[in-house]
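Single-structure report; data block below.
The structure displayed is predicted, hence computed values, not measured ones.
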Amino acid sequence: MAVASITFIQARNYTKGRSNPIDVLVIHTMEAPEKPETAENVAKWFAGSTAPQASAHYCIDNNSIVQSVKDTDVAWHAPGANHNGIGFEHAGFSAQRAADWSDAYSDQMLRLSAGLVAEKAREHGIPAVWLREADLLAGRRGITGHVQVSRAFKKSTHTDPGSSFPIERYLGYVKEHLGSQPEPHAHPHSVKAPPAMLKSGAKGALVTRLQKLLKQRGFDPGAADGDFGPSTAKAVKEAQKSHGLNADGIVGPMTWHALESSA
Ligand SMILES: [Zn+2]
């Protein structure tokens, strides 16, 4: 595999455990210079006594990857997509121009990063597509930038990795890694919507989508606030009952299908 070895240095600030499936792989820049030790230095900063109220799963430079938060824990990198995302930090700045993203350092780093991101895409059945704001709001699964998450959910003002991040080239590298392998296997929450299993306690854009669908179909989930609470559970059970499904309140493929296909 492309990613030989990854050092682990636990970040200080993160949330232990996660209850949602991973839907989005979020690309960041560290706003730190392109140096061989940048990944190590930022990971040490995340872990140290002066750690920011932030963290990411992986810090990547041109010659190494340092993991700061386990995939099974929630890192604080892109509010709005933390609960269902993995964060990838890169050396460099969001203000970089296209030429800066094409220098030897950047190219090495993007190829290294693409190998890791391809691994995660395969592991979680996430398609190698770039998500825009509307895609995120629609609950689609894929790869995106912190800036898209900021614009979609308005919980952060960060604009990394910047307007010149080479999206097509990067996706090309990810696809090269995926290409030598079979397609991501069909996952219950894979590729085409309707995706994830949702149940009480789930949060996020997919829950909002579910709540809007329920309302359109004449069931009352309460506010479309992205929070799967008791009234949403009640509405799901009523919808399931009306479609002759097991009224367990858990939204799996059958329930999504019933909700999306009923007029
Ligand atoms: Zn960021």
Side-chain angles (χ1 to χ4, degrees), residues 3-20 22-97 100-101 103-117 119-120 136 143-165 170 203-204:
V3 184
S5 68
I6 298 177
T7 315
F8 185 82
I9 305 174
Q10 179 67 62
R12 183 176 271 251
N13 294 312
Y14 67 103
T15 305
K16 187 94 190 132
R18 65 162 93 223
S19 50
N20 290 276
I22 290 163
D23 296 321
V24 288
L25 306 175
V26 185
I27 304 300
H28 299 260
T29 45
M30 294 189 262
E31 305 303 302
E34 295 185 330
K35 299 230 172 89
E37 299 300 316
T38 298
E40 288 82 354
N41 289 342
V42 171
K44 282 178 195 158
W45 179 53
F46 282 152
S49 57
T50 61
Q53 290 294 309
S55 54
H57 293 89
Y58 298 96
C59 298
I60 304 162
D61 60 33
N62 69 327
N63 60 10
S64 53
I65 299 174
V66 182
Q67 185 168 14
S68 291
V69 175
K70 289 182 182 149
D71 293 359
T72 49
D73 292 332
V74 175
W76 302 352
H77 59 103
N82 285 339
H83 64 288
N84 66 340
I86 300 182
F88 302 84
E89 291 280 359
H90 296 80
F93 298 89
S94 60
Q96 284 179 183
R97 309 284 184 96
D100 302 316
W101 282 112
D103 62 21
Y105 183 104
S106 288
D107 198 59
Q108 282 174 348
M109 175 178 70
L110 292 176
R111 287 173 186 274
L112 186 60
S113 167
L116 174 65
V117 163
E119 257 183 35
K120 299 302 163 191
L136 286 165
I143 303 166
T144 193
H146 191 177
V147 60
Q148 276 81 30
V149 175
S150 297
R151 287 189 191 140
F153 303 114
K154 315 223 181 299
K155 291 182 176 172
S156 141
T157 55
H158 291 201
T159 57
D160 57 299
S163 53
S164 297
F165 182 80
Y170 184 69
K203 287 186 172 54

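- Pairing each heavy atom of Trp101 with each of Phe93, the nearest pair is CZ2-O, 4.2 Å.
- Within 6.0 Å of NZ in Lys70 there are 12 or fewer heavy atoms belonging to other residues, nucleotides or ligands.
- Between the side chain of His28 and the backbone N or O of Phe88, no donor-acceptor pair lies under 3.5 Å.
- Under the 3.5 Å distance criterion, with hydrogens and angles disregarded, no donor-acceptor pair is assigned to the side chains of Thr38 and Asn41.
- With contacts defined as side-chain heavy-atom distances shorter than 4.5 Å, the pair Val42/Glu89 does not qualify.
- At least one side-chain heavy atom of Tyr170 sits less than 4.5 Å from a side-chain heavy atom of Val117.
- Defined by atom type and a distance below 3.5 Å, a donor-acceptor pair is missing between the side-chain atoms of Asn20 and Asn84.
- Side-chain N/O atoms of Tyr14 and Ser68 include no donor and acceptor closer than 3.5 Å.
- Residues Thr29 and Phe165 have side chains not in contact (no heavy-atom distance under 4.5 Å, counting atoms from C-beta outward).
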**Request:** Would you sort out whether Ser156 and Ser150 count as a side chain to side chain donor-acceptor pair (under 3.5 Å), showing the intermediate values?
**Result:** CA-CA 5 Å; Ser156 141; Ser150 297; 3.1 Å; yes
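- The closest side-chain heavy-atom distance from His57 to Asp71 is below 4.5 Å.
- The aromatic rings of His146 and His158 lie tilted to each other, with the angle between the two planes from 30° to 60°.
- Taking each heavy atom of Asn82 and Arg18 in turn, the nearest pair found is O-NH1, 3.5 Å.
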